[in-house]
Amino acid sequence: MTPMDIALDEARAAAERGEVPVGAVVTDKAGQVLARAGNEVEARHDPSAHAEMLALREAAQKLSQTRLGDCTLTVTLEPCPMCAQAASFFRVARVVFGAYDPKGGGVDHGARVFNASSCHHHPEVVGGVREAEAAGLLRGFFEARR
C-alpha cells in the first residue's frame, strides 16, 4: 500500500465515525509508516485533533524526537494553516496531499504558510495526489449531511 492508500483508508474510517473524512500518515525516509490517523475532532472534543496533528505527534513520540526531518506527511486534504504550521515546526521534509482546499487550505491557498517570511522551515510540497478520490470522499460526506 502507498502512503496515500493508507491516508485514504484513515479518511474512510474517520467518516464512518462521523468525523470529516481526512486521513494522514507519516513515513520515514525508507517509506516505513511511523504513524497514521484520521480526524478525531468530534470524538476528542478538540478542534486541533486533525489527522495531521495526531499523526505528527505520534511519529515524534515514536522516534523520541521533536524533529521529523527525514519524514513525509501524506494527507488526503490540503493542510489547513494550523496543520501546515505544525508540519513546519516538526520540520518534515515533504508534505504530500490529495484534494486542494481553496476555502480552508494553508499551503497553496489562504495563508500559504510555507511562503510566509515568518516560516522557518519550507518542506517540499506535492499536491493533487489522487485528488479526485480524496475530494469525492469529502463531497460525499457533506452531501449526506445536507
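For the numbers below, each heavy atom of this structure counts, side chains included, while hydrogens, waters and symmetry mates do not.
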Check the pair N39 / E10 against side-chain contact (heavy atoms from CB on, under 4.5 Å), numbers first and verdict last. CA-CA 8 Å; N39 275 355; E10 288 292 335; over 6 Å; no

Under a single-linkage definition using a 4.5 Å side-chain heavy-atom cutoff for Ile, Leu, Val, Met, Phe, Trp and Tyr, are [X] and [Y] assigned to the same hydrophobic cluster?
X: M4; Y: V126; answer: yes
X: V96; Y: L68; answer: no
X: Y100; Y: F142; answer: yes

Are [X] and [Y] close enough that some pair of their side-chain heavy atoms sits under 4.5 Å apart?
X: D28; Y: V33; answer: no
X: V129; Y: F97; answer: no
X: V41; Y: H50; answer: yes
X: T72; Y: V92; answer: no
X: R67; Y: F90; answer: no
X: L138; Y: L77; answer: yes
X: E52; Y: V22; answer: yes
X: F141; Y: V20; answer: yes

Over all atoms of both residues, closest heavy-atom pair of [X] and [Y]:
X: C119; Y: S88; result: SG-OG, 3.4 Å
X: V95; Y: P123; result: CG2-CG, 3.9 Å
X: A55; Y: A35; result: O-CB, 3.3 Å
X: R36; Y: D9; result: NH2-CB, 4.2 Å
X: P21; Y: T76; result: O-OG1, 3.9 Å
X: P3; Y: V25; result: O-CG1, 3.3 Å

Applying salt bridge (charged side-chain N to carboxylate O under 4.0 Å, His left out) to R12 and E133, what does each step give before you reach the verdict? CA-CA 11 Å; R12 287 183 199 96; E133 188 174 356; 2.8 Å; yes

How long is the gap from [atom1] on [X] to [atom2] on [Y], to the nearest 0.5 Å?
X: C80; Y: Q85; atom1: SG; atom2: CD; result: 10.5 Å
X: K29; Y: R94; atom1: NZ; atom2: CZ; result: 13.0 Å
X: L8; Y: M1; atom1: CG; atom2: CE; result: 8.5 Å
X: R57; Y: M53; atom1: CZ; atom2: CE; result: 4.0 Å
X: Q32; Y: T27; atom1: CD; atom2: OG1; result: 9.0 Å
X: C71; Y: L56; atom1: SG; atom2: CG; result: 9.0 Å

When you measure from the side chain of E78 to the backbone of P102, do you find a donor-acceptor pair of N or O atoms at a distance under 3.5 Å? no

Counting distance only, does the side-chain N/O of E19 pair as donor-acceptor with the main-chain N or O of A43 below 3.5 Å? yes

Taking the six-membered ring of F114 as reference, does the NZ or CZ atom of R112 fall below 6.0 Å from its centre and within a 45° cone about the axis? no

